[in-house]
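Inspection log for the structure reproduced underneath, given as structure tokens.
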Amino acid sequence: MATSKFASLKEVLGDRLKTDEPLSRFTTFKIGGPADFFYEAKTADELARAVSLGRTLNLPVFILGGGSNILIGDKGIRGLVIRNLSMHIGIKGVKAVTHSGGEQRKLVFVEADAGVPINKLVRFTVDEGLSGLHMHLGLPGSVGGALYMNSKWTRPEGYVGDAVYQVRLVTKEGEDRIVPQSYFHFAYDTSALQRTKDVVISVVFALSADDRDRLWKIATESIMYRRETQPQGVLSAGCTFRNLSRAEALTLGTPNLTTSAGYLVDHAGLKGASEGDAYISPVHANFIINRGKAKAEDVVKLIELARSQVLKQFGVRLTEEIERVGEF
Ligand SMILES: Cc1cc2nc3c(=O)[nH]c(=O)nc-3n(C[C@H](O)[C@H](O)[C@H](O)COP(=O)(O)OP(=O)(O)OC[C@H]3O[C@@H](n4cnc5c(N)ncnc54)[C@H](O)[C@@H]3O)c2cc1C
């Protein structure tokens, strides 16, 4: 059975199809076992074709963007893993819009393949003097992953989903569609993609014309603040747990009414706690770090430790921001 699926995949995907490919090197955690079948899509059309093929063959399909928000199990991922390396960015159109009060602004539509690194897109848009994504300078990962998580930044506040205009995607049923922003029901760490498992092929962002120097200043301040507050030069997948909403913090009566998951893990006394080669960052308690040889199993043990201690000490049930993928 697996042999015939291999032959069917190979017939279309050619020699770039690999089997038993270790995935650890494609994640920022540098953790994760092998993919049964592995393919690198270099264009949007290659991505769409590989997704449709995998689904026609009834294989589970997993899209790997920058691998910066996932923990892949030590036993790896069954089915087809497609690493998305599609890289096209371009300006698709310009429209003048009149705001209430009569002020005219230029809205510019920028199209990016889902595989484009968010940082590359931010630099492109800021260089073009376009406002809407500038606060995300320094965010790891790809456009597709950022839509899946509706990735965000706090200073100044912004969600990637806010700037989305329309998206080309392939649905679970294999339909190639264009959908508007409203399709995604974007919210904190949430988009409809987490439920539908549609695959994003490319995205059109609607951005406002603005002063290039002003945008670079804000973008630079954002990345400086990121460098001051997040551990640098280490192997991690960013924040482990989601923050609480203001309403949850008030209802649960968290210490100092904090909404910060990192604050709770820190005040549970867990900074520096370790399991195997994984440890909770002393700089930012919501980051788990791989010292070099950590297993997914070690990270899971630390996640469970933090979750149980925070529940015991503060009555707060933390939910994960990091996504666990594959077999553990
Ligand atoms: C040091 C560090 C700092 C971080 N800072 C932030 C931050 O400030 N704000 C924030 O929100 N996050 C942050 N993160 C988390 C992470 O960078 C983001 O969530 C990022 O947007 C994930 O993108 P990715 O391409 O790496 O996704 P991946 O980890 O590759 O995948 C995540 C999920 O998205 C899905 N996916 C990927 N591409 C597609 C696609 N084309 N179509 C459908 N689904 C897809 C994957 O299948 C998977 O389910 C940080 C991570 C690190 C390591």
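Since the model is a prediction, treat every value here as computed from it, not as a measurement. Every number for a ligand or one of its atoms is a count from 1 in the order of the listing.
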Quiz item: With a 4.0 Å heavy-atom cut-off (strictly under), which part of Lys197 contacts ligand 1: side chain, backbone, both or neither?
Solution: neither
Quiz item: How close does the nearest protein non-hydrogen atom get to atom 41 (N) of ligand 1, and which residue and atom is it?
Solution: Val200 O, 3.0 Å
Exercise. Flag yes if Phe38 and Val325 sit in one hydrophobic cluster, no otherwise; membership is Ile, Leu, Val, Met, Phe, Trp, Tyr, and two members link when side-chain heavy atoms are under 4.5 Å apart.
Key: yes
Quiz item: Side chain, backbone, both or neither: which part of Ala237 comes within less than 4.0 Å of ligand 1 when only heavy atoms are counted?
Solution: backbone
Quiz item: Given Pro231, Ser151, Gly158, which has its nearest heavy atom closest to atom 19 (O) of ligand 1?
Solution: Ser151
Practice problem: Can you pull out the closest protein heavy atom to atom 53 (C) of ligand 1? Residue, atom name and distance to 0.1 Å, please. | Solution: Gly238 N, 3.3 Å
Practice problem: Take every heavy atom of Val199, measure it against each atom of ligand 1, and state whether any distance is under 4.0 Å. | Solution: yes
Self-check item: Those atoms of ligand 1 less than 4.0 Å from some heavy atom in Gly65
Solution: 25 (O), 30 (O)
Quiz prompt | Closest candidate by heavy atom, reference atom 23 (O) of ligand 1, pool Ser86, Gly115, Gly145 | solution = Gly145
Quiz item: How does Leu139 reach ligand 1, by side chain, by backbone, by both or by neither, if only non-hydrogen atoms under 4.0 Å count?
Solution: side chain
Quiz item: Closest heavy-atom contact between Thr171 and Arg177?
Solution: CG2-CD, 3.8 Å
Quiz item: So is Gln194 close enough to ligand 1, meaning a heavy atom under 4.0 angstrom away?
Solution: no
Quiz item: Which of the atoms of ligand 1 are close to Met149, meaning less than 4.0 Å from one of its heavy atoms?
Solution: 19 (O)
Quiz item: Which ligand 1 atoms are under 4.0 Å away from a heavy-atom of Ile70?
Solution: 29 (O), 31 (O), 32 (C)
Quiz prompt | Donor-acceptor pair, side chain of Ser208 and main chain of Ser131, under 3.5 angstrom | solution = no
Quiz item: Of all the non-hydrogen atoms in the protein, which one sits nearest to atom 43 (C) of ligand 1, and at what distance?
Solution: Asp198 O, 3.5 Å
Quiz item: Between Tyr159 and Ile223, is there a shared hydrophobic cluster once you connect ILVMFWY residues whose side-chain heavy atoms come closer than 4.5 Å?
Solution: no
Exercise. Please write down residue, atom name and distance for the protein heavy atom closest to atom 15 (C) of ligand 1.
Key: Asn69 OD1, 3.4 Å
Quiz item: To the nearest 0.5 Å, how far apart are NZ in Lys30 and CG in Asp277?
Solution: 15.0 Å
Quiz item: Got a salt bridge between Arg307 and Glu320, using NZ or NE/NH1/NH2 to carboxylate O under 4.0 Å?
Solution: yes
Quiz prompt | Protein heavy atom at shortest distance from atom 46 (C) of ligand 1 | solution = Ile63 O, 3.1 Å
Quiz item: In terms of heavy-atom contacts, does CD of Glu103 have more than 12 from other residues, nucleotides or ligands at under 6.0 Å?
Solution: yes
Quiz item: Going through the checks in order, is the side chain to side chain donor-acceptor pair (under 3.5 Å) test met by Lys197 and Tyr148?
Solution: CA-CA 9 Å; Lys197 298 290 173 186; Tyr148 183 91; 2.9 Å; yes
Quiz item: Considering residues, nucleotides and ligands other than Arg317, do more than 12 of their heavy atoms fall under 6.0 Å from its CZ?
Solution: no
Quiz item: What protein heavy atom sits nearest atom 33 (C) of ligand 1, and how far off is it?
Solution: Tyr148 CD2, 3.4 Å
Quiz item: So which heavy atom in the protein is nearest atom 5 (N) of ligand 1, and how far is it from that ligand atom?
Solution: Arg226 NH1, 3.1 Å
Quiz item: Considering only the protein, which heavy-atom contact is closest to atom 17 (O) of ligand 1, and what is its distance?
Solution: Ser68 OG, 2.8 Å
Quiz prompt | Short N or O distance, Gly67 and ligand 1, threshold 3.5 Å exclusive | solution = yes
Exercise. Evaluate the ring planes of Phe184 and Phe186, with Trp represented by its six-membered ring, and classify them as parallel (under 30°), tilted (30 to 60°) or perpendicular (over 60°).
Key: parallel
Quiz item: Under 4.0 Å from any heavy atom of Glu323, which atoms of ligand 1 are there?
Solution: 33 (C), 48 (C), 49 (O)
Quiz item: Which ligand 1 atoms are under 4.0 Å away from a heavy-atom of Trp153?
Solution: 8 (O)
Practice problem: Tell me yes or no: between the side chains of Asn256 and Tyr263, is some donor less than 3.5 Å from an acceptor? | Solution: yes
Quiz item: Checking Gln181 side chain against Gly161 main chain: does a donor-acceptor pair fall under 3.5 Å?
Solution: yes
Quiz item: For ligand 1, which atoms sit closer than 4.0 Å to a heavy atom of Ala114?
Solution: 41 (N)
Practice problem: Please identify which atoms of ligand 1 are closer than 4.0 Å to at least one heavy atom of Gly141. | Solution: 23 (O), 24 (P), 25 (O), 26 (O)
Quiz item: Mind checking whether Tyr165 and Phe109 have ring centres under 6.0 Å apart?
Solution: yes
Quiz prompt | Full working for salt bridge (Lys or Arg N to Asp or Glu O under 4.0 Å) between Glu304 and Arg324 | solution = CA-CA 13 Å; Glu304 297 310 338; Arg324 298 189 202 185; 2.9 Å; yes
Quiz item: Backbone N or O of Leu137 within a donor-acceptor pair of the Ser222 side chain at under 3.5 Å?
Solution: no
Self-check item: Under 4.0 Å to a heavy atom of Lys152 - the qualifying atoms of ligand 1, by number
Solution: 7 (C), 8 (O), 9 (N), 10 (C), 11 (O)
Quiz item: Judging by distance only, is a nitrogen or oxygen of Gly66 under 3.5 angstrom from one on ligand 1?
Solution: yes
